[in-house]
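We use all heavy atoms of the structure for the numbers below, so side chains are in, but hydrogens, waters and symmetry mates are not.
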Amino acid sequence: MIIRRTILKQELVKKLYPHSISIKSAMQQLRNEIDICPELKKHIEQAGNTKRHYYNKQQLLLILEHFCFTLEEFEQL
């Protein structure tokens, strides 16, 4: 399995929130989930820039760990 260096935030939320009404609402759900957990937010900020349209590999792994997903499960979504 090849892990890409980056993943677009929109691609991530499509997989994490498949029943969401829109991409915008799914993005809001992800932001709320990250804001609820200050430790996760701190680790994501330390792993790289959060002001871009994508997450890097380390940030993705942190988010997946928070949601109790493995990388293999995420790829199958």
Side-chain angles (χ1 to χ4, degrees):
M1 174 191 313
I2 298 173
I3 303 173
R4 298 184 330 207
R5 284 181 58 189
T6 61
I7 183 167
L8 290 174
K9 291 179 179 181
Q10 291 181 353
E11 289 178 18
L12 176 64
V13 297
K14 281 182 191 177
K15 290 185 175 189
L16 291 179
Y17 302 104
H19 301 295
S20 184
I21 295 172
S22 67
I23 298 283
K24 189 175 182 178
S25 64
M27 289 294 294
Q28 185 61 43
Q29 285 179 303
L30 180 62
R31 282 192 294 272
N32 289 341
E33 186 70 31
I34 291 172
D35 287 341
I36 288 173
C37 184
E39 185 176 322
L40 174 64
K41 186 174 183 176
K42 182 179 127 192
H43 288 302
I44 290 173
E45 288 172 354
Q46 289 174 348
N49 191 348
T50 58
K51 301 294 182 189
R52 297 197 173 132
H53 295 285
Y54 59 84
Y55 286 120
N56 63 31
K57 198 179 348 179
Q58 190 176 11
Q59 290 168 325
L60 173 65
L61 293 174
L62 288 167
I63 292 169
L64 292 179
E65 181 182 326
H66 177 74
F67 283 100
C68 300
F69 280 117
T70 64
L71 198 54
E72 291 80 25
E73 292 172 335
F74 176 73
E75 290 295 327
Q76 292 175 356
L77 292 176

With [X] via side chain to side chain donor-acceptor pair (under 3.5 Å) - residues at least two apart:
| X | value |
| --- | --- |
| H66 | E33 |
| E65 | none |
| K24 | none |

With sequence neighbours left out, the residues meeting side chain to side chain contact (heavy atoms under 4.5 Å, CB included) with N49 are K51, R52
For T6, enumerate each residue passing the side chain to side chain contact (heavy atoms under 4.5 Å, CB included) test, keeping only those at least two apart in sequence or located in another chain.
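Side chain to side chain contact (heavy atoms under 4.5 Å, CB included) check on T6 returns Y54.
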Flag the pair L30 / F67 as yes when at least one side-chain heavy-atom distance between them is below 4.5 Å, and no otherwise.
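Yes, side chains in contact.
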Heavy-atom check, side chain of L64 versus side chain of E73, under 4.5 Å
no
Are L8 and L61 connected into the same hydrophobic cluster when the rule is that any two of I, L, V, M, F, W, Y join if their side-chain heavy atoms are below 4.5 Å apart?
no
Let me have the donor-acceptor pairs involving side chains of residues 34-41, under 3.5 Å, with sequence neighbours excluded, atom names and distances please.
{"from": "D35", "atom 1": "OD1", "to": "K41", "atom 2": "NZ", "distance (Å)": "3.3"}

What pairs with E11 under salt bridge (Lys or Arg N to Asp or Glu O under 4.0 Å), at least two apart in sequence or on another chain?
R4
How far apart are the closest heavy atoms of I23 and Q10, and which atoms are they?
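Scanning both residues, the minimum pair turns out to be CG2-CG, 3.7 Å.
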Considering non-hydrogen atoms only, spot the tightest contact between A47 and N56 and give its length.
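Smallest interatomic distance, heavy atoms only, reads O-ND2, 3.0 Å.
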Taking distance alone, no hydrogens or angles, what donor-acceptor pairs closer than 3.5 Å link side-chain atoms of residues 12-20 to residues at least two apart or in another chain?
{"from": "S20", "atom 1": "OG", "to": "S22", "atom 2": "O", "distance (Å)": "3.2"}
{"from": "S20", "atom 1": "OG", "to": "S25", "atom 2": "OG", "distance (Å)": "2.7"}
{"from": "S20", "atom 1": "OG", "to": "A26", "atom 2": "N", "distance (Å)": "3.3"}

Determine, stepwise, if the pair I44 / Y55 fulfils side-chain contact (heavy atoms from CB on, under 4.5 Å).
CA-CA 9 Å; I44 290 173; Y55 286 120; 4.2 Å; yes
Measuring from atom NZ of K9 to atom CZ of R31, what distance do you get when rounded to the nearest 0.5 angstrom?
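Those atoms lie 8.0 Å apart.
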